[in-house]
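Encoded as structure tokens, here's the structure I'll be asking about.
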Amino acid sequence: MKSMIYKNYKYYKKLLNNFKYMKNVHMKDLFLNSKNRFKKFSINFKDYLLLDYSKNIVDNNTMYNLFKFAEEINIYDEILKMFSGEKINETENNSVLHIALRNLRNIPIFVDKKNVMHEINLCLKKMKKFSNNVINGAWRGCTNKKIKNIINIGIGGSELGPKMVNYALKDYKNHLNIYYLSNVDNNNLIDILNNIDIESSLFLIVSKTFSTSETIVNSNSIKKYFLKKFNNKDFIANHFCAISNNTNASIKFGIRKENIFKIFDWIGGRYSVWSSVGLSVMLSIGYKNFKKFLAGANKMDVHFCNKSYNKNIPIILALLSFWYIFFFNTSTEAVLTYNNRLSKFYNYLQQLNMESNGKNIDKNGKRVSYNTCPIIWGGTGTNCQHSFFQLLHQGTRLIPCDFIAFVNNFSNLFYNHNLHLLSNFFAQTQALSFGDSVLSKNLKNDFFNIRKKDNYLFHKKFFGNIPSNSILFKKLDPYSLGLLLSLYEHKTFVQGVIFNIFSFDQWGVELGKTLSNNIYNMLKKNNDINYKYDSSTNGLINFYKKWKYK
Ligand code: F6P
């Protein structure tokens with residue numbers, strides 16, 4: 001694909017030339033020609049994490065030109081702007097400072113001449129006190145019962161990050177049961193209410209704006225349900241807290257001021273798990289583990305800021321993504337996690353990446369002439385191997401993949417399962433890269449059943465040459481999870497810089513919200529509508545009315 005934006009850039013042109021050659025190269029030859037390819041194209045990050053990017057369709061020249069290209073477009077300048085609190089979220093006139101939330105060394109960061117570290121530390125202290133009180137039973141419900149259930153009411157970034165992290169760190173959790181209520185679908189609400197005893201439940205209303213329709217509808221329904229049972233408005237304060245920027249609306253709901261946790265202006269929803277939005281995580285794993293989670297993220301932040309382009313893990317991943325999107329014309333990326341605890345990771349990543357970079361207008365307000373954000377999808381290995389991996393191996397599209405795994409689980413019980421799990425991981429990346437060429441003679445005979453003169457040989461052919469990154473951690477714990485999330489946040493950031501778009505707004509979600517409010521008013525009325533909207537929308541609304549309660 002031709003990119004108007006970079007066509008005159010020296011290293012973009014060099015990449016274009018390199019691509020003309022690389023598009024006909026097979027990875028197996030790249031490995032044959034370079035015995036130390038793994039060593040050259042892998043990074044051991046302090047014995048916590050290994051990135052192996054050798055199974056990509058790149059040679060020395062490609063990587064050299066990619067790094068030079070990164071230099072040419074000044075990625076470091078952009079990083080510096082973010083880390084120093086510049087208002088890089090231009091369309092909302094905001095800084096972007098999720099990195100400040102895990103700035104555990106307290107390096108001052110200024111927004112409008114105010115050091116934000118002061119209020120961050122106060123908020124963390126407040127979260128610590130609050131979570132300790134709930135965990136140790138000092139916090140009581142209106143009938144003096146200890147809290148057993150935490151219900152996080154929030155959607156988008158106010159749910160996906162905390163829910164994914166809590167699931168991933170299940171082995172570190174205490175006695176509290178954590179639920180997530182996001183969808184406005186009453187099934188979601190009913191299922192949770194059927195599971196909990198409201199007297200020992202604490203509801204966290206998580207909404208930066210305190211106006212997101214799903215969250216407010218759910219919260220109001222629970223409040224109604226609660227008041228029906230207790231008929232005393234004063235009791236609300238024992239069972240509801242708010243994580244929000246909208247203090248007035250929270251107080252109006254019945255929440256005490258001291259139980260409102262601030263979400264700072266300069267944090268976007270999808271980057272907010274490190275903030276008070278992560279309260280459900282802190283409640284579940286405790287303050288100490290939460291700090292380790294922050295520390296892991298901070299370690300990656302420091303790496304991202306300081307390492308040269310050719311040693312910088314998030315930058316390398318973003319450059320490879322750019323290489324495939326701009327030159328090989330790929331449109332999707334698969335993320336395959338070889339650990340059940342990470343089964344919610346790709347949902348989280350979908351919001352992180354696609355809400356950030358799914359844009360078609362560049363920073364100059366012009367419609368872009370190139371593809372931006374890839375479609376992120378994926379799932380859990382090995383389950384996916386028995387569903388969509390067929391398409392990865394033998395489909396018609398080139399789909400770059402990230403494989404993620406942990407060598408050690410929390411428990412060593414049935415450790416042999418890990419051998420199975422990881423041998424599948426390694427085998428899949430091998431098969432994707434080298435196809436059936438990797439089979440030794442004997443295996444080949446077996447595989448193709450050659451002695452029986454197989455008539456369907458071609459259907460069993462694996463051409464390979466499908467790129468993958470392998471991200472291998474030593475262990476799944478709060479620290480390494482912090483590393484992983486921060487790594488993908490920064491990859492997303494660099495992709496946005498390359499696409500020349502604003503990554504930190506999300507105007508694309510607004511139109512649907514406005515229209516649904518309008519249609520909601522139509523659904524409430526009994527009469528049929530004929531001319532209000534287009535014939536399809538009118539037709540759907542009328543069928544809704546006809547079938548309602550039947
Ligand atoms: O609709 C998109 C969005 O604004 C997300 O970016 C955000 O994470 C989510 O809604 C929830 O927003 P809030 O925290 O204001 O309820």
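Just follow the structure's listing: the first ligand is 1, and inside any ligand the first atom is 1.
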- Query: Which ligand 1 atoms does Thr212 reach within 4.0 Å, using its non-hydrogen atoms?
  - Reply: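 What qualifies from ligand 1 is 12 (O), 13 (P), 15 (O), 16 (O).
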- Message: Could you tell me if Lys292 sits above the aromatic ring of Tyr479, with its cationic atom closer than 6.0 Å to the ring centre and no more than 45 degrees from the axis?
- Response: no
- Give me the one residue out of Thr372, Thr492, Asn357, Asn353 that meets side chain to side chain donor-acceptor pair (under 3.5 Å) with Ser503. Asn357
- Would you check the N or O atoms of Gly269, main chain and side chain alike, for any that come under 3.5 Å of an N or O of ligand 1?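 Min N/O separation from ligand 1 is not below 3.5 Å for Gly269.
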- Part of Val509 within contact of ligand 1 (heavy atoms, under 4.0 Å): side chain
- Message: By the salt bridge (charged side-chain N to carboxylate O under 4.0 Å, His left out) test, which pairs, at least two apart or in different chains, include something from residues 120-138?
- Response: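 Applying salt bridge (charged side-chain N to carboxylate O under 4.0 Å, His left out) to every pair that reaches into residues 120-138, excluding sequence neighbours, yields nothing.
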- Message: Considering both backbone and side-chain atoms of Thr215, is one of its nitrogen or oxygen atoms within less than 3.5 Å of a nitrogen or oxygen in ligand 1?
- Response: no
- Query: Considering only protein heavy atoms, which is closest to atom 9 (C) of ligand 1, and at what distance to one decimal place?
  - Reply: Ile155 O, 3.5 Å
- Option from Phe403, Phe345, Phe406 for which ring-ring contact (aromatic ring centres under 6.0 Å, His included) with Tyr338 holds: Phe403
- State the atoms of ligand 1, each with its element, that fall below the 4.0 Å cut-off from a heavy-atom position in Glu355. 2 (C), 5 (C), 6 (O)
- So which protein heavy atom does atom 15 (O) of ligand 1 come closest to, and at what separation? Thr209 OG1, 2.8 Å
- Taken in chain and number order and not counting sequence neighbours, the residues that satisfy side chain to side chain donor-acceptor pair (under 3.5 Å) with Asn517 are none
- Is Lys148 close to Leu176 at the side-chain level, that is, under 4.5 Å between some pair of heavy atoms?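 Not touching, per the 4.5 Å side-chain cut-off.
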- Item | Contacting atoms of ligand 1, where contact means under 4.0 angstrom from a heavy atom of Ser158 |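 Counting atoms of ligand 1 from 1, those under 4.0 Å from Ser158 are 14 (O).
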- When you measure from the centre of the six-membered ring of Phe253, is the NZ or CZ of Lys223 under 6.0 Å away and within 45° of the axis?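 Pair Lys223/Phe253 counts as cation-pi.
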- Message: Tell me the nearest of Gln506, Glu159, Lys513 to atom 1 (O) of ligand 1, using heavy-atom distances.
- Response: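 Answer by nearest heavy atom: Lys513.
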- Query: Numbering the atoms of ligand 1 from 1, which are under 4.0 Å from a heavy atom of Gly157?
  - Reply: 7 (C), 8 (O)
- Query: What orientation do Tyr6 and Phe326 show, parallel under 30°, tilted 30 to 60°, or perpendicular over 60°?
  - Reply: tilted
- Task: Give a yes/no on ligand 1: does Gln351 have at least one heavy atom closer than 4.0 angstrom to it?
- Result: yes
